[in-house]
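All chains are named by letter (A, B, ...) in the order of the sequence lines, taking the proteins before the strands, and each is independently numbered beginning at 1. Everything numeric here is computed off the predicted structure, so don't read it as measured data.
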Amino acid sequence: MYLSKYFLPVLKEAPREAEIVSHQLMLRAGMIKQQSAGIYSWLPLGLKMLRKVEQVIREEQNRAGAVEVLMPTIQSADLWRESGRYDDYGKEMLRIQDRHERDMLFGPTNEEMITDIFRSYVRSYKDLPLNLYHIQWKFRDEVRPRFGVMRGREFFMKDAYSFDLDEPSSRAAYYRMFVSYLRTFDRLGVTAVPMRADTGPIGGDLSHEFLILADTGESEVFCHGDTMKLPVPDRNIDYSDDAAIEGIFKDWTSNYARTDEMHDENLWAEVAEGDRMNARGIEVGHIFHFGTKYSEPMGAKVTGPDGKDHDVYMGSYGIGPSRVVAALIEAGHDENGIIWPDSIAPFDVGLINLRVGDEAVDSACVDLYNQLTNAGFDVLYDDTDGRAGGKFALADLIGLPWQLIIGPRGLKNGEIEVKHRATGERENLSFEATMNKLTAWQNDVNERFGG
RNA sequence: CGGAGCGUGGCGCAGCCUGGUAGCGCACCUGGUUUGGGACCAGGGGGUCGGAGGUUCGAAUCCUCUCGCUCCGACCA
């Protein structure tokens with residue numbers, strides 16, 4: 001992408017209303033624009049990140065055996081009356097009427113609708129297990145939206161729903177999603193820790209939250225240090241091996257790990273002092289196992305091997321990609337701007353032309369741009385007629401992993417200045433050495449984080 | 001929903017207390033000089049001061065109402 005043809009409206013100063021760093025940086029980097037309290041437009045750079053996060057989540061859901069659907073944002077109130085939640089959900093649900101004065105709502109979640117889909121088609125236990133998910137905008141009319149897209153009213157969420165014949169198989173489905181979340185956050189290049197969670201108004205008896213660790217996180221995290229050292233299963237994981245999956249779940253949940261909400265000082269005291277880890281985190285995922293809470297009132301049954309009808313056991317599994325984007329920034333930034341993880345930056349490389357209009361520099365940049373693009377790199381080429389300082393500031397602000405700086409001075413020696421955003425390391429390399437370095441990096445990233 | 005605060009060119013702010021017809025920095029446009037870490041000179045465009053009503057000869061400024069936004073608390077991916 002040529003910067004001159006892109007739409008990247010950066011701000012030198014952060015708008016006053018932005019208090020936390022991710023919100024400030026998202027506004028400054030031209031990723032989002034607020035339209036109303038808790039409601040945002042996603043501009044090209046922000047959308048690019050949102051899509052990348054979404055895609056990682058999708059790949060890991062698919063790998064774990066979930067099947068993607070897409071349900072509408074607008075739902076009929078009737079479904080919610082069946083489950084009893086139309087009255088229970090309260091003011092957080094945005095209620096609207098259509099022209100025929102039918103009661104509708106902007107979906108805050110989709111348990112009812114997915115249960116309706118399920119009961120419309122599935123009759124036999126032979127069709128189970130089934131896990132359907134979608135990635136769709138949700139609306140919750142929060143009393144107090146804040147922190148940019150971190151707590152918006154409209155937000156993007158991946159929500160998966162599992163259906164099983166009985167409780168043991170339903171728990172197995174829960175464990176699969178648990179493990180899939182471990183892999184998802186690992187691929188997103190962040191440390192996310194599962195914590196035992198309150199099941200809340202949604203009900204159920206088994207629930208975990210996943211928190212991305214960041215100093216600026218809202219939740220206080222108490223966990224056993226060993227949890228941080230556990231290996232995340234690699235891409236060859238076999239999700240059909242229930243015992244192995246349950247083993248991973250047990251490894252990750254045997255140690256104490258809770259947020260301030262569920263914290264128990266007595267249990268915490270039992271953790272050896274040297275093992276206690278106290279940190280802050282941002283909740284980005286939440287999974288629930290809730291049995292027949294919705295299937296029973298809504299009549300979602302299958303015929304079992306015994307020839308009788310059984311209410312299906314369900315669980316739901318959410319990750320908010322829009323919040324994840326903000327959390328990545330909270331977890332990775334410095335005074336100059338964003339530092340994206342290697343695995344999930346909006347572009348791989350920023351190519352900076354220090355002397356636009358100089359024939360030699362221009363053609364060197366274009367050649368390198370084409371070469372990199374052909375090699376599979378996503379490159380943002382700063383071909384604008386700006387000054388060096390401004391270009392460097394922009395590159396640091398949007399936080400691409402690599403900056404390739406080409407100007408007349410270095411070009412005389414056939415060299416490019418190669419800067420790594422995360423470490424600040426810079427070196428002068430030949431064009432060939434630059435390609436080799438980036439290719440090695442790309443291979444390493446694919447190896448560690450690739451699907 | 002309780003408490004606090006803020007709305008003045010695109011962004012950041014001053015002016016308000018003590019009414020006199022809107023200003024600064026950045027950004028933007030034109031010309032020129034520059035060009036390796038947010039240049040300089042000259043010229044220029046853009047705001048009915050969130051909205052409505054009131055007081056007054058006169059309102060960004062005082063009064064009333066209203067809308068929007070932010071922060072703290074209770075709740076949430």
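With salt bridges taken as basic N to acidic carboxylate O contacts below 4.0 Å, none links Arg183(A) and Asp186(A). Ion pairing between Asp215(A) and Arg280(A) fails under the 4.0 Å rule for side-chain N and carboxylate O.
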Nucleotides 22-30 of chain B: protein proximity per nucleotide (B base, S sugar-phosphate only, - neither; heavy atom, under 4.0 Å): ---BS----
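Using a 4.0 Å heavy-atom criterion, one finds that Arg144(A) contacts the bases of the nucleic acid, with or without backbone contacts as well. Across all strands, Gly285(A) comes closer than 4.0 Å only to sugar-phosphate atoms, never to a base (heavy-atom distances). When heavy atoms are screened at a 4.0 angstrom cut-off, Glu19(A) is found touching the sugar-phosphate backbone but no base atom. Among the heavy atoms of the strands lying under 4.0 Å from Arg151(A) is at least one base atom, whether or not backbone atoms are also near. No contact: Ala18(A) has no heavy atom under 4.0 Å from any strand. Looking at heavy-atom distances under 4.0 Å, Gln34(A) makes contact with sugar-phosphate atoms alone, never a base.
The side chain to side chain contact (heavy atoms under 4.5 Å, CB included) check on Pro72(A) picks up Met113(A), with sequence neighbours excluded.
Tyr381(A) and Asn370(A) are not linked by any side-chain donor-acceptor pair at a separation below 3.5 angstrom, with hydrogens and angles left out of the test.
The aromatic ring of Phe392(A) does not stack onto the base of G38(B), failing the criterion of a centre distance under 5.5 Å from the six-membered base ring together with planes under 30° apart.
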For nucleotides 40-42 of chain B, print each protein N/O atom paired with a nucleotide N/O atom at under 3.5 Å, atom names and distance only.
none

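A cation-pi arrangement, defined by a distance under 6.0 Å to the six-membered ring centre and an angle within 45 degrees of its axis, is present between Arg95(A) and Tyr86(A).
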